[in-house]
Amino acid sequence: IQVTTMSADAQKATVQIQFPCLNQNPILDTASNVLRPGASTTITLTTWNNSLGCAHTFQFVATTIPSGLNLVPSTLTATIPANTSATFTPTLTVAAGTPNGFYNIPFTVTDIQTGFQSAAGGISIRVDSVNPTVSLTAPTGRGTLQGTVTLKATATDDFAVQDVAW
């Protein structure tokens, strides 16, 4: 802490108190996504500057982008005020023909002023080219319908089925 006397007399003193910049490591939040080959989505990545009293410029970098995935932009730079966050929204595209499976894109966030304070994280992408199968189980085929009819269906997928909606 730096205390500077601004003015003083026999009755009072006016001082200015300055707090030093207390650097803390940035924090990176990420999420997971399921995408079909040929599809694009915007991903949300949030970085916090949890330093006390200092705005810092951070560089966000996708360190490795697996084959078949494209992230634009893959490097972002932003100045973030102290104790606030910034959200980056790059676009992720999965190329047609990308094999099914899980892919990880690791990220780092580096404080450009200090050069050494960084956070690491990543997003997990599941590429799924297999469409679910849906079967109508009620009413049964070739019947005549009258009045109110209850429909029933089942759905299967190689990964998961969240729900069946009409």
Heavy-atom check, side chain of V94 versus side chain of Y103, under 4.5 Å | no

From CA spacing to verdict: side chain to side chain donor-acceptor pair (under 3.5 Å), N100, S129 = CA-CA 6 Å; N100 288 346; S129 64; 2.8 Å; yes

Ignoring hydrogens and angles, tell me if any N or O in the side chain of R36 forms a donor-acceptor pair with the backbone of D128 under 3.5 Å.
-> yes

What heavy-atom pair brings L71 and A62 nearest, and what distance separates the two atoms?
-> CD2-CB, 3.7 Å

L76 and V72: same hydrophobic cluster, using ILVMFWY side-chain contacts below 4.5 Å?
-> no

Using a 4.5 Å cut-off on heavy atoms from C-beta on, say whether the side chain of V127 contacts that of P37.
-> yes

Heavy-atom closest contact (T77 atom, T57 atom, distance) = CG2-CG2, 3.5 Å

Search all heavy atoms of T98 against all heavy atoms of G68 and return the closest pair with its distance.
-> OG1-O, 3.3 Å

Is a donor on one side and an acceptor on the other found under 3.5 Å between the side chain of T63 and the backbone of P106?
-> yes

Side-chain contact, heavy-atom cut-off 4.5 Å: N70 with I65?
-> no

Heavy-atom side-chain proximity of I105 to P66 below 4.5 angstrom | yes

Give a yes or no answer on whether the side chain of T110 reaches the backbone of Q59 with a donor-acceptor pair at less than 3.5 Å.
-> no

Reported CD1-to-OG1 distance for the pair I112 and T79, which is rounded to 0.5 angstrom | 7.5 Å

For the residue pair S40 and L92, establish whether any side-chain heavy-atom pair is separated by less than 4.5 Å.
-> no

How far does CZ of F88 sit from CZ of F58, to the nearest 0.5 angstrom?
-> 9.0 Å

Begin with the C-alpha distance, continue with both residues' side-chain angles, and end with the deciding distance and a verdict on side chain to side chain contact (heavy atoms under 4.5 Å, CB included) for L69 and L35.
-> CA-CA 11 Å; L69 303 181; L35 292 172; over 6 Å; no

